[in-house]
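Scroll down for the structure; my scribbles are underneath it.
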Protein chains: 2
Amino acid sequence: METIAIGELSRRTRCNIETIRYYERIGLLPMPARRGRYRSFGLADVARVHFVRRARELGFTLDEIRALLGIATAEDMACGDAREIAASHLRQVRARITDLRRMERVLADTVRACDAGDQVGCPLITTLSATAQLGTI
Amino acid sequence: METIAIGELSRRTRCNIETIRYYERIGLLPMPARRGRYRSFGLADVARVHFVRRARELGFTLDEIRALLGIATAEDMACGDAREIAASHLRQVRARITDLRRMERVLADTVRACDAGDQVGCPLITTLSATAQLGTI
DNA sequence: CTACCATCTGTAGGAACTACAGACTCAACC
DNA sequence: GGTTGAGTCTGTAGTTCCTACAGATGGTAG
């Protein structure tokens, strides 16, 4: 059975060494075997770190990932639970996109006004000083 | 001249009391006068907190806001500088939207696969365990 | 033998707040 | 005058997801 050191695990997963140790500390990764003082990882660890990193790329929180890992390794793959986590996360992602699009619109308008240069004051400062709440835009 | 306590400032700006004190601590707000031990704010403070909150809603960092406040109160309104901050921030917002849309696509596809229910394993777990990098999707 | 790299533990920092604990002040009510 | 309750005060610690040290040790190459 192939065993690798933390540096090699880091290289294979493109995950920072410190981050791997952090994941271990918070219980996302099992405590690895040791060769002397050094951590000794197996292929299962490579897969697990890959899993975590991919889930992070999709914006799952570490707590969500912990739940997903539990499901992934459960005997009876509770797929419905996983679906719920993903669906709820999808809702959050969509809400965030909506937020950002609103920001984008205001920012783009402001920068355009700057470029037009036909206003009295600085358009950005004016926007931020305006009495209207941005939330209502 | 009207002066108000921190609670009233908080109500008028819909900004948490603790957050106002935090802004003062990090120098975003000037140290207010005191009536005895209590902070005493004026209308300029109301405007300033509003400004900060609006900028935060647009996703500016506190450091960016600090710069914007400097510009807003400078004699020679350095509008060009403000434009640059806004334009750079706009680029970041757009990049973030692109990221989130990628996430959204993968998540939506996965949830759809769950609902179709014609796969062998759990689609989400399968996606996260896949060898392909999400970054390349 | 020494240089060098990898790894170890433990702790602190960053961003933008939020949440206490425990003390104090002030106005109102009886 | 006493007491209740709300408001405020300071100071510190927690949140999330890492990242960055410092200082010690391990193993190997020249």
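Reminder, nothing fancy here: chain letters follow the sequence lines and each chain counts from 1.
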Are any non-hydrogen side-chain atoms of [X] and [Y] less than 4.5 angstrom apart?
X: Leu29(A); Y: Val49(A); result: yes
X: Asp81(B); Y: Glu84(B); result: no
X: Glu64(B); Y: His89(B); result: yes

Start and end of chain A contact along DNA chain D [non-hydrogen atoms, under 4.0 Å]: dC17(D) to dG26(D)
Under a 4.0 Å threshold between the charged nitrogen and the carboxylate oxygen, would [Y] count as salt-bridged to [X]?
X: Arg101(B); Y: Glu104(B); result: no
X: Arg12(B); Y: Glu8(B); result: yes
X: Arg102(A); Y: Glu57(B); result: no
X: Arg112(B); Y: Asp115(B); result: no

Spacing of CZ belonging to Phe60(B) relative to CD1 belonging to Ile65(B), to within rounding of 0.5 Å: 8.0 Å
Contact under 4.0 Å: Arg39(A) side-chain N or O vs dT7(C) OP1/OP2: no
Applying a 4.0 Å non-hydrogen cut-off, can you work out what [X] is touching in the nucleic acid: base, sugar-phosphate, or nothing?
X: Ile17(B); answer: sugar-phosphate
X: Arg21(B); answer: base
X: Arg34(A); answer: sugar-phosphate

Heavy-atom closest contact (Cys122(A) atom, Ala82(B) atom, distance):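 It is SG-CB, 3.7 Å.
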Comparing Gly36(A) and Ala5(B) on DNA chain D - which has the more 5′ nearest nucleotide: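 The answer here is Ala5(B).
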Leu28(B) vs Arg48(B), side-chain contact (heavy atoms from CB on, under 4.5 Å): CA-CA, chis, key distance, verdict: CA-CA 9 Å; Leu28(B) 264 194; Arg48(B) 201 169 167 101; 5.8 Å; no
Helix axis bend for the helix from dC1(C)-dG30(D) to dC30(C)-dG1(D) - C1'-based end axes, five pairs, 10° rounding: 30°
Where protein sits on nucleotides 13-18 of chain C, one letter per nucleotide: B base, S sugar-phosphate only, - none, heavy atoms under 4.0 Å: ---BBB
Donor-acceptor contact below 3.5 Å, side chain Arg34(A) vs main chain Arg37(A): yes
